[in-house]
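As structure tokens, the structure follows; a few thoughts come after it.
Protein chains get the first letters and strands the later ones, always in sequence-line order, with residue 1 at the start of each. The figures that follow rest on heavy atoms only: side chains count, while hydrogens, waters and symmetry mates do not.
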Number of protein chains: 2
Amino acid sequence: MTERTPRKDAVRNRAALLAAADALFADGGSAETVTMADVATAAGVGKASLFRAFGDRTGLIRALYAARLEPVRQAVESGPPPLGPDTPAPERVFALLDTLLCFKLDNRHLVLALEGTGDDSPYRAEHYGHWHALLESTLRRIPGLPDPAFAAHALLAATRADLVEHLAGHEGVPRETLRAHLATFTARVLSGPVP
Amino acid sequence: MTERTPRKDAVRNRAALLAAADALFADGGSAETVTMADVATAAGVGKASLFRAFGDRTGLIRALYAARLEPVRQAVESGPPPLGPDTPAPERVFALLDTLLCFKLDNRHLVLALEGTGDDSPYRAEHYGHWHALLESTLRRIPGLPDPAFAAHALLAATRADLVEHLAGHEGVPRETLRAHLATFTARVLSGPVP
DNA sequence: GAACGATACGGACCCCGGGTCCGCTTCGCA
DNA sequence: TGCGAAGCGGACCCGGGGTCCGTATCGTTC
């Protein structure tokens, strides 16, 4: 392996940077007003250390994102129903989308920052491929549902971070209302057309 | 009025800038590699003239966008069925979404540039509000369809420019396939659940 | 615990792109 | 043909992402 145990000041700095970045993204309201120099300063660290630890801005945001997403990922991969693998297809579709919606509601600033990185479309990110593959394979188990790949894209699009932000943040739609709307919409898609 | 007839070199430059920007956005493949200085140079004009004519980058892209969208807007507002106002609700929903999809397919570079402006979410743009209001009011005429406002958002999300770009550009889904998938998906949403 | 290579630090620095300023040119009206 | 004013253009500014290199720290070895 080319692995090399990092020095302990490095891991300490990395943790401080993650914490500072998290706080700044959460506080500042809208993202993109937080600069890399801000993060480094808030963590009491030089800019170079920030870039050494995370590569670039996208790397930093991805690291934050991954840390927040980790429990969700575990619950989906090996947790109990209705999120885990041992769930009937329709219930799992609802659970997946609801979980994703709640995650985005709880981490709006982060997800917005990640999707708004600008350099590449969010569809290139590996985590999108992950969610899409999972949702598509689940949809495929539902009899009579055509084009599961497209349906997965379309349903995921309904939970896009900026749409969620617009509805919850700007229009003030309450959390439970939003969840109910998404569930109702999903139900429409899952149940076939009237004969 | 505070209107003042602009000098003719001004209108000539404005046209040259629009043409140059259009060509550059179309050629360059991916957006964001086109800089404002590029546009000015390609039009044989100074940077200041570019900013004087359009205010800022977003203004330029919006001007291009509005020009391209104008015929579509007219067809929707006062054209014949199935796009115009004299269309039964379900058919019009299909026509609206299909038109929007085709528009985004034909103007991928532009719409990507507009949505990727980064400074504000695409949901703040006035044209989004326009499309949403129209689609929502049409959906409202369909009996038994709950949450027309949310459904309108979700259906519009399925035609997001970066999703379209991902499917058509990156995954190579043919145009007609994409249109068919969107229509099928829409049909699922419009028709009620099986009793 | 002293010495030394490797690893990490940090802030000065570079680059690039959006946006502005100001001396000069051109228009268009009389 | 002359003279304001509208318009021009490129040099300039600024802010933010990303890098360089001399210096400090780690941790391992004797």
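Between the side chain of B:Asp22 and the backbone N or O of B:Leu18 there is no donor-acceptor pair closer than 3.5 Å. With hydrogens and angles ignored, the 3.5 Å screen pairs no side-chain donor or acceptor of A:Thr177 with any backbone N or O of A:Val173. Using modelled atom types, no side-chain atom of A:Asn107 and backbone atom of A:Leu110 make a donor-acceptor pair closer than 3.5 Å.
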Between the protein and nucleotides 2-5 of chain C, which nitrogen or oxygen pairs come in under 3.5 angstrom?
none

Give every pair of a protein N or O atom and an N or O atom of nucleotides 24-28 of chain D that lie under 3.5 Å apart, one pair per line with the distance.
{"from": "D:dT25", "atom 1": "O2", "to": "A:Arg7", "atom 2": "NH1", "distance (Å)": "3.0"}
{"from": "D:dT25", "atom 1": "O2", "to": "A:Arg7", "atom 2": "NH2", "distance (Å)": "3.4"}
{"from": "D:dG27", "atom 1": "OP1", "to": "A:Lys8", "atom 2": "N", "distance (Å)": "3.4"}

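Rounded to whole Å, the distance from CG on B:Leu50 to C1' on C:dG17 is 13 Å. In this structure, CZ of A:Phe54 is placed 14 Å from P of C:dA8, rounded to the nearest angstrom. Distance CZ (A:Arg57) to C1' (D:dG16): 9 Å, rounded to an integer number of Å. The distance from atom CE of B:Met36 to atom C1' of C:dT20 is 15 Å, rounded to the nearest whole Å. Atom-to-atom, CD1 of A:Ile61 to C1' of D:dG18 comes out at 15 Å; the value is rounded to the nearest Å. Distance CG (B:Leu24) to P (C:dG17): 14 Å, rounded to an integer number of Å. Atom-to-atom, CG of B:Leu60 to P of C:dG19 comes out at 11 Å; the value is rounded to the nearest Å. With rounding to whole Å, A:Asp38 atom CG is found 12 Å from D:dG17 atom C1'.
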What pairs of donor and acceptor atoms, side-chain ones from residues 38-49 of chain A against any protein atom, are under 3.5 angstrom apart with sequence neighbours left out?
{"from": "A:Asp38", "atom 1": "OD2", "to": "A:Thr35", "atom 2": "N", "distance (Å)": "3.2"}
{"from": "A:Thr41", "atom 1": "OG1", "to": "A:Ala37", "atom 2": "O", "distance (Å)": "2.8"}

Donor-acceptor list for residues 143-152 of chain B side chains, cut-off 3.5 Å, not counting sequence neighbours:
{"from": "B:Asp147", "atom 1": "OD1", "to": "A:His181", "atom 2": "NE2", "distance (Å)": "3.2"}

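OP1 or OP2 of C:dC16 has not a single side-chain nitrogen or oxygen of B:Thr35 nearer than 4.0 Å. For B:Asn13, a side-chain nitrogen or oxygen approaches OP1 or OP2 of D:dC8 to under 4.0 Å. At C:dC9, one or more side-chain N or O atoms of A:Ser49 fall inside 4.0 Å of OP1 or OP2 (strictly under the cut-off). Phosphate proximity of C:dC9 to A:Arg52: present, with a side-chain N or O under 4.0 Å from OP1 or OP2.
Evaluation of the ring-ring contact (aromatic ring centres under 6.0 Å, His included) rule for A:Phe51 yields no partner, not counting sequence neighbours.
Note on A:Ala48: a base of the nucleic acid sits closer than 4.0 angstrom, heavy atoms only.
Distances from the side chain of B:Lys47 to the nucleotides C:dC9, D:dC8, C:dG19 place C:dG19 closest. Comparing C:dA8, C:dT20, D:dG18 by their closest approach to the side chain of B:Phe51 singles out C:dT20.
Heavy atoms of other residues, nucleotides or ligands lying less than 6.0 angstrom from NE2 of B:His130 number 12 at most.
Ring to ring, A:His132 and A:Tyr123 are not that close: their centroids are 6.0 angstrom or more apart. In this structure, A:His153 has its ring center under 6.0 Å from that of A:Tyr128.
Note on residues 78-103 of chain B: pairs passing side chain to side chain donor-acceptor pair (under 3.5 Å), not counting sequence neighbours, are B:Asp98-B:Arg179.
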